[in-house]
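One structure is given here, and the rest of the page talks about it.
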Amino acid sequence: MAALVLLSNSANIANIMNLVSYLRGTMHMGVAEASTTSSNYFAALQMFSIPAAFLADSYIRRFYAVLLFAPIEIIGYILLAVQASTPSLHPPPCNPAATAPNTCEPVRGANLSLLLLGLYLIPIGDGAARACLPALGGDQFDLNDPNEQRQEASFYNWYTFAVSSGGFVGLVFIVWVQNSKGWGIGFAVCAAFVTLGLLVWAGAFPLYRNQLPTGSPITRILQVLVAAFKKRNVQLPENPSELKQINQDDDANVLEILPKTDGFRCLEKAAVQTSNDTGTAWSLCSVTQVEETKIVLRMAPIFPAAILSYIPVPLILTLTVQQGNTMDTRLGAVHISPATLFLIPTVFQMAILIVYDRAIVPPLRRLTGYVGGVTHLQRIGVGFVAAAVATAVAAVVETRRKVAAEENGMMDSNTGIPMSVFWLTPQFFLLGIVDVTSFVGLLEFFCSEASMGMKAIGSSIFYCILGVSAWLGSLLIQVTNRVTRRAGDGNGGWLDGANLNKGKLDRFYGLLCIIEIVALVIYVFLARSYVYRNDQRVVVEGERKDERGNGVDVI
C-alpha cells in the first residue's frame, strides 16, 4: 500500500505544485486563468474520490475499485505527455521581440480540450486510491485490541508520511525532469510511477483484510428519512428495546451493530414497528440504520466549517509559486524552481510527523487518555490557526516583494526581482504545520467516525473538503477580480493580467486572512459542541470496548 501511495503522490503532488508553471510557460495562460485551472485540477483530484467511494462501499471491494480506476489515471498522464511532446498540440514558444500578434496567444480550441481531457482523466483514476486506501488501511486493525488500536492511531500519521515522501520524490525528481528534460518526458515519468505503484500494490492482495460491500449507504440513509417522515405522528416507546433491533445472526451482511444514542430522536420513529408497516426498509428501519444516519448528521456541520477554513490553503500554494517565479531563485550558483520550495514544508512535515508520533503522542496519551494524544477536532483546529497565520505572513511578504520591484524599477518585469525566493519560506513552513495537523486530523476524523459500511465515503468526505475549498477559491478569484475591476480605477482587478507586480495580490492575501479568521471562529463553535461516536480513550489490557466505544471491564 505504501508503494502506491508514495509513487502516485510523487506524480500528483509534483504536478499540483508545478502545473501553474506549465500553464504559464508552455500554454501561455494569464495569472488568473492559470491559477483557476490549477486550483480546479487540485479540486478535481479530491472530488472524484466520491463516485469511487460510493462504488467501493456499496457494490465492489475497495481493492477492486482502485484496480478498476487507476489505469484511467495512467491514460491521462500519457495524453499530457503526448501533447507536451508534439509542437502542433500546444502554442508555439512566446517571442517578445516578434511583431506578429499571435506569437503569445494562450492555448485554445482543440488543444485546450486535449489539455483539459488529460488533466481530468487523472483525478478520475486517482479518486479511487484517495477514497479507498485510507479506508482499506483502517480495515486492517481491530480496535478492541489495545496494540492494534494504537497502531490504527499511528496509521494515519504514517499514511500522511507516505504522501509527504511521495511529494519529496516528486518535487526533487519529477519537477527536475519537467523543468530540465521537458514536460513530455516529465508526464511520461508520472505515468511510469503510477503504473509501478499499482503493480506493487496489487501483488500484495492476499495480505489484506477486505471488507465486503453492504449495499448503498446513501439508500439506507434515505430509507431512514422517508420512514421517519411517514411515522412523524407516531409516539416513541418508553422502552428503547421495543425499537426494531438487528444482529449479525439475522443479517450476515451487517458489519457492525450500532446501539441507540441520544439526539435526533425524531429519526428513531423509523424503527418503531406499527401495523401499517409494509415490510420494506422504506417503512421500517433498524436502530443500527438509524444510528448510521445520526452519525452523518452529526458530522455534517463540521464539513462546511472545514471547507471555509481550507479555502486559503490551495490558493496560497498556487499563488506562492507565481510569486517565486518573479523573484531571485538562485541558491549559490544554482537556479531552483519555485515549485521545489515545497521541499521545505514537505521535509518539515515528514520530520514533525515522526516526532509527533514517536515523541509527542505517547506522553500526551498518558496525560489526556486519548489514543492520539488530543482529540481529532483539537488537532484540526491547530492547523486552521496555522492557516490564518500563513495568510497574514503571505500578505506581508508580497508587500515586501512589490516594494523591491518598485525600488529597482522592475514593475514591468515578470522575473529577476532582487529579492530572494527564500522569503517565501515562512508561509511554506506554516502550510507544513497545516498538513501535519489539519490534514491528518480531518482524514482520521471522518474515517474513524464513519460507520463500517461507509469508511470509503468517510475518506472521500475528507477529500471532498479539499476539493470544494479549492473550487470556492477559484470562484473567489473570479468574484474578487470582477468586484475590484468595477470598483477600481480602470487598471483591472486585483489579479488581472499576466504581470503580478501590477496586481494587488497583497490585498487578496489580506482578504484570505479575514475569511480564515471568520471560518476559524465558526469551526471552534461547532467543534466544541460535537459529540464523538467513539470516545477515543485508550483501551488498556484487560479491557475491551462495547458497541458505544466505552471501556468495559472484561470478566
Quick one: do Tyr156 and Asp357 satisfy side chain to side chain donor-acceptor pair (under 3.5 Å)? Show the steps, please. CA-CA 10 Å; Tyr156 294 101; Asp357 189 75; over 6 Å; no
Would you find more than 12 non-hydrogen atoms of other residues, nucleotides or ligands less than 6.0 Å from Tyr356 atom OH?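 It does: Tyr356 OH has more than 12 such atoms within range.
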Non-hydrogen side-chain atoms of [X] and [Y] separated by less than 4.5 Å:
X      : Y      : result
Ile316 : Leu430 : no
Ile302 : Ile380 : no
Met27  : Glu33  : no

Straight-line distance of [X] [atom1] to [Y] [atom2], nearest 0.5 Å:
X      : Y      : atom1 : atom2 : answer
Leu443 : Ser448 : CG    : OG    : 9.5 Å
Leu119 : Leu23  : CG    : CG    : 7.0 Å
Ile433 : Ser438 : CD1   : OG    : 10.5 Å
Leu19  : Asn12  : CG    : CG    : 11.5 Å

Give the intermediate values and the outcome of side chain to side chain donor-acceptor pair (under 3.5 Å) for residues Asn40 and Trp471. CA-CA 6 Å; Asn40 287 342; Trp471 267 329; 3.3 Å; yes
Does the ring centre of Tyr22 sit less than 6.0 Å away from the ring centre of Trp183? yes
Once salt bridge (Lys or Arg N to Asp or Glu O under 4.0 Å) is applied, do any residues pair with Asp328, and if so which ones, sequence neighbours excluded?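 Partners of Asp328 by the salt bridge (Lys or Arg N to Asp or Glu O under 4.0 Å) criterion, ordered by chain and then number, come out as Arg330.
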Inter- and intrachain pairs under side-chain hydrogen bond (donor to acceptor under 3.5 Å, both in side chains), touching residues 506-524, at least two apart: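 Counting only pairs at least two positions apart or across chains, the side-chain hydrogen bond (donor to acceptor under 3.5 Å, both in side chains) contacts touching residues 506-524 are Gln323-Tyr509.
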Those residues that, when tested against Phe445, pass ring pair (Phe, Tyr, Trp, His ring centres under 6.0 Å) (two or more places apart):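 Ring pair (Phe, Tyr, Trp, His ring centres under 6.0 Å) check on Phe445 returns Tyr530.
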